2 protein chains.
Amino acid sequence: MLSPTEFVDTHRPAGGRRSGKRDVIVGVFLEQQGHIGADQLVDVVRARDARISRATIYRTLQWMVDAGIARRVDFGDGRFRFEHAYRHPRHFHLICRQCQQSYEFLSSDVEALVEEVAATRRFTAQEAVVQIYGICEACSAGRPTADEPEPVETVFARDALRVAIATERSGLTFYTRAAKKAKDARGRAVFQRLASEEREHLGTLEARYRELVSADPALESRPAFLFFKGASDGLFAAGADELLQKGVDDRQALLIGIRCERASHRFFKKYGERFEESEGKRIFLEFAAEEREHCDLLVREYKALVERERSRAQAGRTRRRA
Amino acid sequence: MLSPTEFVDTHRPAGGRRSGKRDVIVGVFLEQQGHIGADQLVDVVRARDARISRATIYRTLQWMVDAGIARRVDFGDGRFRFEHAYRHPRHFHLICRQCQQSYEFLSSDVEALVEEVAATRRFTAQEAVVQIYGICEACSAGRPTADEPEPVETVFARDALRVAIATERSGLTFYTRAAKKAKDARGRAVFQRLASEEREHLGTLEARYRELVSADPALESRPAFLFFKGASDGLFAAGADELLQKGVDDRQALLIGIRCERASHRFFKKYGERFEESEGKRIFLEFAAEEREHCDLLVREYKALVERERSRAQAGRTRRRA
DNA sequence: ATAGATGCAAACCCTTTGCACATTA
DNA sequence: TAATGTGCAAAGGGTTTGCATCTAT
C-alpha cells in the first residue's frame, strides 16, 4: 500500500520542481477527510505556515487536480470543493441542503445504466456526476450532525469483499444447480468440481471478511458505500440457457465454467481499475486475478480435453483404416 | 393542454403584482428551447425591449425558479443555465466537453436506484442530478454540431407510449402464460379474460402510437429520451410466485390480477406526477387512470365473488342445519 | 397609499492573472 | 541561468443588492 508521500510522487508530473510550500499544501490537503473548499483550505494551511498566499493555494489545487491527486467537485452552490484521491475511491454524493454535509456512495448499477445510456446515444462518457439533494437523516431527526467522517476506505473494502462474496455465492448456487440438472456423468462431475472450488474460495473470502470486521466491530453496521444489485447476478446468467438443455457433457460444462469465470474476471477488473490506490481496489483486482487464474486453468483443461478427444478420434480412424 | 400563459398563471405566486417587463422576460424565456444562460437571455430580451435591465432579468429568473416555472442547472463551468418546465419534463444531462452542447435523457431505472440509495441511508431525497460528461457523437465524428434542438416534448410522448405498450405486452404475456398454466377452469377463465383485455388495451395504445408517429415519421428513429429497462418488468413479477402453484382458482386469479394492475397503476401515477404539463405526463396519467379503473373493476368483481361464495356457504349451512 | 417592481451602479464572491521577485535543478 | 514557483494586488466573471424611483392594485 502506498504512503501519502509515495502516492504524491507517483502522480507528480515530469518537468516540475519541488517546492516546500507546495509540499505543505499537499500534505495538509491529504490529511483532510471528505471535501474541503479552497477558502477553508487556506485557513488550515495558514495555521501551519502563515506566509503561504491564497493564490499559491489555488494554484496548487489546480496542480493537484491536473496530477490526479485531487478531484474538484461542484455542489451547485457557486464554489468548488476538493477531495483527494488517496485511498478514496471515486463516488457519488448525497448532499444535505440543511447542514450542507455530504455523504458518499457508489452504485455499480447506476454506473452500468449510465454507460448504457451513453452508448445508446453514441456519447463517449468520460465522467459521471450523480448528486442526490435533500435532507439527511440527522437533520430530519432534529439531531445535530455527526461530524465524524465516514471511514470510506474501510467501508469500501468491506463492500468490495461483500460483492466478491455475493459473486462467489451466486457462482456456487449456479454450479450446484447445474450439477443437479446435468444428466451426463462427466458434465456433472465438472460442475461438482467447480462448485467445490467456489465453496473453497468462498471460505477464504469469508474468513477475510470476518478478519476485517473483527478489527472494527462497528464496521459491519455502517451504511453501504458501494451499492451493487444486479452487478454480480448477471455474471452467471450467461450460462443459464445451456443449463436448460440438460445434456451437458464435460466439454460443454467446462465451456460454461470458462464463460462464467471470465465474465466475473472482467467485471472485477473493470471495477478495480476505476479506483485510485485503496484497499477496496486491491480486493477487486486480487479477486479479478484469482478469477482469471481459475479461468486460465479451466481453459488449459478444456484444451487438454479437446486434444484427448481429437487423438482418440484419430486413433479410431487409424484403427478403422487398418 | 395548458397554454404558456395559463401555465405561468397557475404558477404565479400570490401577493405579487403584474408587470409588463416581467411578462416580456417570462414570455421570451418560454420561447427558448433547451437551456439558456442569464447573459444570453439578457441579449434575447433586450432585442425585444432594450430598456429592461440586467438586474431585472436576474430577479425574474429567480422568481421563475421559485415559482416552479424555470429550473436552474449547473454544468460546472461557473455559470448557471435555466430551462423552463413548460412542456419540458425533468431530466438528466449528457454534456459535451467539446461543443458544450447538452443532450437530455431520463431513466426510470436510474431514478429507482437513486431512490433506493436514499432510502437505505434514510435520506429524504428532493432532487437528483445526473450528468454524464464526455464527447458527443457529432464531435467525435468530426461533424459540426447539429443546432436543431431535440423535440423533447414529442419524443417524451413517444417514449411514454412505448413504456405503456411494453407494460401492456408484459401483462399480456403474463396473463397468457398464467392461463396456460392454470389447472382450475374458473381461474383459467379469469386469466384468459384478463389477457384479452390487455390485448384490447394494447391495440388502443398501438393505434395511438402509430398516429403519433405518422404525424412525424422521423420521430420513430430519434434517440430515446426515456430509458426504461426494468421499470415495467417488475410490475408483473409480483404475481409470478403464485403462478408456480398452478391450482389457482378464480378468486386467486382475480387477486393476482388486482395486484398487477395496482402495481402498474402506482408506477404510472408516480411517474406521471413527476412532470410538469406535457404530453408525456398526460399519457402516463391517463394510463395510470385506466389501470386504476381496471383494477377497481376487478376489485368489485372480487367482492361480488366473495359475497356469492359467502352466501352460498351460508345457504349450505342453513340447509345442513335444517 | 403602499407594497411590490425596476434601473443603475456598486458590491459581492470566488477564482484567475500579471508582474516582480524568489527558488530550484 | 533558465525554467518554475510565490506573493501581492488587481482584474475577472457571474451574480446579488442598496437605494431611489416607478407602478400596479
Side-chain angles (χ1 to χ4, degrees), chain A residues 8-9 11-29 35-67 69-83 100, chain B residues 8-9 11-29 35-67 69-83 100:
Chain A
V8 172
D9 286 343
H11 287 77
R12 202 181 291 283
R17 287 176 190 175
R18 204 58 182 265
S19 125
K21 292 189 172 166
R22 182 179 291 164
D23 286 349
V24 169
I25 299 168
V26 173
V28 167
F29 177 68
H35 321 89
I36 188 168
D39 209 60
Q40 217 181 324
L41 184 61
V42 169
D43 293 342
V44 191
V45 167
R46 288 256 172 94
R48 183 116 8 140
D49 181 346
R51 294 165 317 175
I52 294 177
S53 86
R54 170 173 243 88
T56 303
I57 289 169
Y58 271 97
R59 281 191 272 238
T60 304
L61 279 168
Q62 188 57 56
W63 179 85
M64 289 193 288
V65 169
D66 293 340
I69 296 167
R71 286 185 287 258
R72 196 174 78 156
V73 293
D74 178 2
F75 289 171
D77 60 353
R79 90 190 74 176
F80 293 109
R81 283 143 219 244
F82 298 84
E83 56 188 27
Q100 308 303 326
Chain B
V8 172
D9 286 342
H11 286 77
R12 201 181 292 283
R17 286 178 191 177
R18 204 58 182 267
S19 124
K21 293 190 172 163
R22 181 179 291 164
D23 286 349
V24 168
I25 300 168
V26 173
V28 167
F29 177 68
H35 321 88
I36 187 167
D39 208 61
Q40 218 181 323
L41 183 61
V42 170
D43 294 342
V44 191
V45 166
R46 287 257 173 92
R48 184 113 12 136
D49 181 346
R51 294 165 315 176
I52 295 177
S53 88
R54 171 172 244 88
T56 302
I57 289 170
Y58 270 96
R59 281 192 270 238
T60 303
L61 279 169
Q62 189 54 57
W63 179 87
M64 289 193 288
V65 169
D66 293 340
I69 295 166
R71 287 184 288 258
R72 195 174 81 154
V73 291
D74 178 2
F75 289 172
D77 61 352
R79 90 189 78 176
F80 293 109
R81 283 144 218 244
F82 298 83
E83 55 187 30
Q100 308 304 326

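On a predicted model such as this, the values are computed, not experimentally measured, just so you know. Order of the sequence lines sets the chain letters (A, B, ...), proteins ahead of strands, with each chain counted from 1.
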Can you list the residues that meet the side-chain contact (heavy atoms from CB on, under 4.5 Å) rule with [X], with sequence neighbours excluded?
| X | result |
| --- | --- |
| B/D39 | B/R54 |
| A/R51 | A/D49 |
| B/R17 | none |
| B/V28 | B/V24, B/Q32, B/L41, B/V44, B/V45, B/R48 |

Residues two or more places apart in sequence or in another chain: which of them pass side chain to side chain donor-acceptor pair (under 3.5 Å) with A/T56?
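Expected list: A/S53.
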
Holding to side chain to side chain donor-acceptor pair (under 3.5 Å), I want the full list of residues that pass it with A/R46, two or more places apart in sequence or in another chain.
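A/R46: no side chain to side chain donor-acceptor pair (under 3.5 Å) contacts found.
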
Difference in axis direction between the ends of the helix from C/dA1-D/dT25 to C/dA25-D/dT1, five pairs, 10°:
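That helix has its two terminal axes inclined by roughly 20°.
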
Using chain B heavy atoms and a threshold of under 4.0 Å, write down where along DNA chain D the contacts begin and end, 5' to 3'.
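Contact span on the strand: D/dG14 to D/dT25.
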
Which letter, B, S or -, goes with each nucleotide of nucleotides 5-14 of chain C from 5' to 3', with contact meaning a protein heavy atom under 4.0 Å?
SBBB-----S

With sequence neighbours excluded, tell me which residues meet salt bridge (Lys or Arg N to Asp or Glu O under 4.0 Å) with A/D9.
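For A/D9 the salt bridge (Lys or Arg N to Asp or Glu O under 4.0 Å) partners, ignoring immediate neighbours, are A/R12.
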
Which residues pass the ring pair (Phe, Tyr, Trp, His ring centres under 6.0 Å) test with A/F75, sequence neighbours left out?
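Expected list: A/H35, A/H93.
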
Once ring pair (Phe, Tyr, Trp, His ring centres under 6.0 Å) is applied, do any residues pair with B/H11, and if so which ones, sequence neighbours excluded?
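So B/H11 forms a ring pair (Phe, Tyr, Trp, His ring centres under 6.0 Å) with B/F7.
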
Identify the two heavy atoms, one from B/F29 and one from B/E83, that lie closest to each other, and give their separation to 0.1 Å.
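Scanning both residues completely, I find the closest heavy atoms to be CZ-C, 3.6 Å.
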
